[in-house]
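Working notes, beginning with the structure itself.
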Amino acid sequence: MKPSIPKGTRDFSPVQVARRNYIFQTMRTVFVKYGFQPIETPAMENLSTLTGKYGEEGDKLLFKVLNNGDFLSKADTEALEAGDSQKLAPSIARRGLRYDLTVPFARYVVMHQNDIAFPFKRYQIQPVWRADRPQKGRYQEFYQCDVDVVGSQSLMLEAELVQIYDEVFSKLGLDVSIKINNRKILAGMAEAAGVSDKFVDMTIAIDKLDKIGMDKVREEMSERGIPEASIKQIVNMLEVKSLEALRPLMANSPMGQKGIEELQTVFDFLEAANLNNQLNFEITLARGLSYYTGFIVEVAANNVEMGSIGGGGRYDDLTGIFGLKDVSGVGVSFGAARIYDVMETLDLFPKEAEENIQLILIAFDEASHRYAFKCLQKIRSAGIKAELYPDPIKLKKQMAYANARNTPYIALAGSNEMEKGMLSLKNMESGVQEDKSLDEIIQLLK
RNA sequence: GUGGGUAUAGCUCAGUCGGUUAGAGCGCUAGAUUGUGGUUCUAGAGGUCGCCGGUUCGAUUCCGGUUAUCCACCCCA
């Protein structure tokens with residue numbers, strides 16, 4: 001049969017895994033330094049945990065896991081006969097693959113509330129699955145890297161998360177722009193323009209500003225039933241570049257003023273932070289996700305055309321749906337795949353990230369193979385990444401293998417070398433070859 | 001959910017205005033080279049031309065359907 005993998009999924013080959021690990025390791029180092037702890041949750045959740053949390057669209061994109069055993073005997077026969085897949089699903093699938101890391105995290109917090117010291121700072125790096133139509137840079141299986149704090153309303157945490165973004169991207173050698181805003185400012189805009197009831201429609205339109213431009217945004221707001229006079233006021237406020245300039249425009253909106261105040265506090269905390277990257281107030285930043293209620297943030301790479309490579313914000317009542325009220329959270333997410341792509345485009349992966357083999361031993365016959373195996377132990381004890389070709393087959397084959405592995409050095413073991421207690425070390429790039437003792441080889445490669 | 005492209009060797013693809021034996025590059029195997037890879041040369045293996053049907057004397061080629069996959073939109077990371 002012809003091998004294949006499900007659409008929207010990918011294999012990761014050694015170089016890619018090594019590079020991805022380098023990104024993850026860089027993140028982990030920073031997260032831990034800021035006091036965050038890792039958790040992991042199962043790939044599968046109960047379907048009831050997931051459904052209804054991502055809107056109607058989201059429910060359609062959930063991967064459902066078919067029950068084991070005689071699942072048909074317990075199926076909803078009424079739905080089955082009616083051909084109603086939507087209705088049938090819960091009776092034949094009680095589990096689903098996780099769709100993001102936030103909902104499982106909320107579930108985790110509620111289930112473990114007695115063991116958790118609040119505020120709880122956690123990070124989580126795991127794959128998630130979405131049954132979306134795949135396209136460029138969008139897959140059905142992909143990694144998310146989330147950092148969240150729950151159980152505190154302090155705006156200090158917003159500042160910390162900005163610092164984390166700044167530090168991670170600096171360490172990776174990426175030049176980025178960090179844009180921040182506050183949902184309350186957007187709510188204030190709606191309030192000031194007298195269309196509080198159209199808040200969600202307004203943000204959906206504003207969120208597309210980068211992509212479609214101001215004229216189209218006006219159009220979309222109009223289509224979504226926002227009156228012309230209000231649109232004028234909103235557009236007026238969208239032109240504002242500083243918090244100060246915004247204050248008078250929001251004089252009649254308590255919500256807007258609260259948002260300005262909150263954002264100002266975040267800037268104050270960061271005053272002495274010495275960020276490496278630009279940090280800007282961006283009133284047009286909206287973020288599609290409706291559960292954000294305060295601070296919102298988005299990161300874009302400079303010098304390269306690629307959407308956002310990270311985003312997040314504050315959400316009140318993350319855990320309410322699971323029965324734990326009034327737990328506020330704030331968190332950010334890193335777009336692993338896009339960060340990878342940007343770094344590849346800009347050639348930012350250091351060579352050390354590849355973890356390649358340093359030395360391959362090659363033997364001519366059974367006796368020297370045994371001898372080489374003994375040498376191998378000593379070389380490895382010195383911490384050198386080395387291997388011995390498993391069979392003393394003809395040299396051409398072993399050499400071709402070493403070459404394909406892209407090893408910088410090989411060491412040949414034959415009867416001559418064995419007698420002298422040495423190995424013949426060959427530099428694969430220059431072709432220079434010389435007898436060396438084990439100590440010399442270890443010295444050279446260490 | 002909507003629209004478009006593609007499907008030919010292990011991989012990436014060309015090609016056949018419908019006709020006898022379907023090609024290239026890379027990869028693979030062997031040799032030139034029995035203690036030396038990467039370069040070069042020589043030879044070889046490898047194909048149900050996605051699947052089902054239609055038109056035709058004849059279909060890998062044209063038409064219809066189907067499946068898979070990629071891309072764009074909606075949405076999202």
Side-chain angles (χ1 to χ4, degrees), chain A residues 1-11 13 54-62 85-86 98-102 125-146 203-205 207-208 211-212 220 286-291 298-301 306-313 331-342 360-365 367-369 372 389 392-419 423-435:
Chain A
M1 72 172 266
K2 202 178 169 89
S4 65
I5 56 175
K7 73 170 168 198
T9 65
R10 296 163 292 168
D11 287 326
S13 296
Y54 308 105
E56 205 175 314
E57 283 293 307
D59 282 357
K60 284 188 209 152
L61 302 183
L62 285 173
S85 311
Q86 203 90 350
R98 67 167 167 256
Y99 180 88
D100 71 358
L101 300 180
T102 308
I125 301 176
Q126 290 190 280
V128 304
W129 294 268
R130 295 184 187 179
D132 207 354
R133 282 267 173 97
Q135 53 183 279
K136 197 164 187 68
R138 266 178 67 183
Y139 304 94
Q140 296 200 333
E141 178 186 62
F142 58 97
Y143 272 87
Q144 283 198 331
C145 320
D146 277 20
T203 49
I204 288 171
D207 199 36
K208 297 179 181 166
K211 263 192 195 164
I212 62 179
E220 175 140 3
R287 308 256 329 139
L289 291 172
S290 51
Y291 54 75
E298 198 164 280
V299 182
M306 182 85 66
S308 86
I309 55 174
V332 296
S333 182
F334 290 78
R338 280 192 178 171
I339 293 171
Y340 185 104
D341 289 346
V342 172
I360 294 176
L361 302 191
I362 288 173
F364 289 99
D365 51 41
S368 55
H369 193 251
Y389 195 89
I393 54 171
K394 61 194 223 188
L395 207 52
K396 186 182 172 74
K397 279 226 149 205
Q398 300 193 61
M399 290 294 288
Y401 169 79
N403 199 58
R405 285 292 306 274
N406 205 16
T407 181
Y409 288 96
I410 60 161
L412 293 161
S415 48
N416 298 345
E417 288 79 7
M418 209 157 53
E419 265 169 42
L423 289 169
S424 185
L425 185 74
K426 176 168 181 166
N427 179 323
M428 289 296 274
E429 205 176 327
S430 66
V432 175
Q433 187 171 340
E434 209 179 342
D435 282 358

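Numbers restart at 1 for each chain; the letters A, B, ... are given by sequence-line order, proteins then strands. Every heavy atom of this structure was used, including side-chain atoms; hydrogens, water molecules and symmetry mates were not. This is a predicted model, so every value here is computed, not measured.
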* **Pairing nucleotide - B:U29, Watson-Crick or G-U, each distance under 3.5 Å** => B:A43

* Asked: Rounded to the nearest 0.5 Å, how far does CD1 of A:Ile360 lie from CD of A:Gln398?
  -> 10.0 Å

* Can you tell me the distance, in whole Å, between the CZ atom of A:Arg287 and the P atom of B:C75? => 15 Å

* To do: Return yes if the base of B:U2 and the side-chain atoms of A:Arg133 contain a donor-acceptor N/O pair under 3.5 Å, otherwise no.
  => yes

* Minimum-distance nucleotide (side-chain atoms of A:Glu417 versus B:C74, B:G35, B:G37) -> B:G35

* **A:Met399 CE to B:G37 P, straight-line distance once rounded to whole Å** => 6 Å

* Could you check whether A:Gly431 gets within reach of a base, just the sugar-phosphate, or nothing at all, counting any heavy atom under 4.0 Å? => base

* Structure fact -> Taking B:G37, B:A30, B:C75 as options, the one with an atom nearest any side-chain atom of A:Lys397 is B:A30

* What does A:Tyr139 touch in the nucleic acid at a heavy-atom separation under 4.0 angstrom: a base, only the sugar-phosphate, or nothing? -> base

* Asked: OP1, OP2 of B:C71 versus side-chain N and O of A:Gln135: anything below 4.0 Å?
  -> no

* Asked: If every non-hydrogen atom of A:Asp100 is compared with every non-hydrogen atom of A:Thr102, which pair is closest and at what distance?
  -> OD1-N, 3.3 Å

* Taking only N and O in the side chain of A:Lys394, is any of them less than 4.0 Å away from OP1 or OP2 of B:U33? -> no

* Using centres under 5.5 Å plus planes under 30 degrees as the test, is A:Phe364 stacked with B:G35? -> no

* Asked: Is A:Lys60 near enough to B:C75 that one of its side-chain N or O atoms lies under 4.0 angstrom from OP1 or OP2?
  -> no

* Asked: With no hydrogens and no angle check, is any side-chain donor or acceptor of A:Ser368 less than 3.5 Å from a backbone partner on A:Phe364?
  -> yes

* Nearest-Å distance for atom pair CG/C1', residues A:Leu412 and B:U34 -> 15 Å

* Structure fact -> Testing B:G35, B:G31, B:A77 for proximity to the side chain of A:Ser415, the answer is B:G35

* Structure fact -> A:Lys426 atom NZ is separated from B:G38 atom C1', nearest whole Å, by 9 Å

* Asked: Roughly how many Å is it from CH2 in A:Trp129 to P in B:A77, rounded to a whole number?
  -> 17 Å

* For A:Gln140 and A:Ala131, which heavy atoms make the closest approach, and how far apart are they? -> NE2-C, 3.8 Å

* Of all the nucleotides listed (B:A77, B:C70, B:G38), which has the minimum atom distance to the side chain of A:Lys7? -> B:C70

* Any N or O donor-acceptor pair linking the side chain of A:Arg138 to the base of B:C75 at under 3.5 Å? -> yes

* **Whole angstrom value for the distance that separates P of B:C70 from CZ of A:Arg10** => 11 Å

* Rounded distance in Å between the P positions of B:U48 and B:C11 -> 12 Å

* To do: Check the angle between the aromatic planes of A:Tyr401 and A:Tyr389 and answer parallel, tilted or perpendicular using the 30° and 60° thresholds.
  => perpendicular

* To do: Select from A:Gly8 and A:Ser333 the residue whose nearest nucleotide in RNA chain B is closer to the 5' end of that strand.
  => A:Gly8

* Asked: Taking atom P in both B:G5 and B:A9, what distance in whole Å separates the two?
  -> 22 Å

* Asked: For the side chain of A:Gln433 and the base of B:U36, is some donor closer than 3.5 Å to an acceptor across the two?
  -> yes

* Pair partner, B:G19 [Watson-Crick or wobble, under 3.5 Å] -> B:C57

* To do: Using the C1' atoms only, state how far B:C63 lies from B:G1, rounded to an integer number of Å.
  => 29 Å

* **Nearest-neighbour nucleotide for the A:Asn403 side chain, B:C74, B:G35, B:G38 considered** => B:G38

* Structure fact -> So CE of A:Met428 and CD of A:Gln433: to nearest 0.5 Å the spacing works out to 10.0 Å

* To do: Would you check if the side chain of A:Asp146 reaches a backbone N or O of A:Ser333 as a donor-acceptor pair within less than 3.5 Å?
  => no

* Sort out the partner of B:U6 for me: Watson-Crick or G-U wobble, both distances under 3.5 Å, none otherwise. => B:A68

* To do: Tell me what A:Asn416 touches on the nucleic acid: a base, only sugar-phosphate, or nothing, going by heavy atoms under 4.0 Å.
  => base

* When we call it a touch if two heavy atoms are under 4.0 Å apart, what does A:Ala400 touch: a base, just sugar-phosphate, or nothing? -> sugar-phosphate

* Structure fact -> Across every strand shown, the nucleotide meeting Watson-Crick or G-U wobble geometry with B:C73 (both distances under 3.5 Å) is B:G1

* Structure fact -> When A:Ser430 and A:Gln144 are each assigned the nearest nucleotide of RNA chain B, the 5'-most assignment goes to A:Ser430

* Just checking A:Gly137: base, sugar-phosphate only, or nothing, at a heavy-atom cut-off of under 4.0 Å? -> base

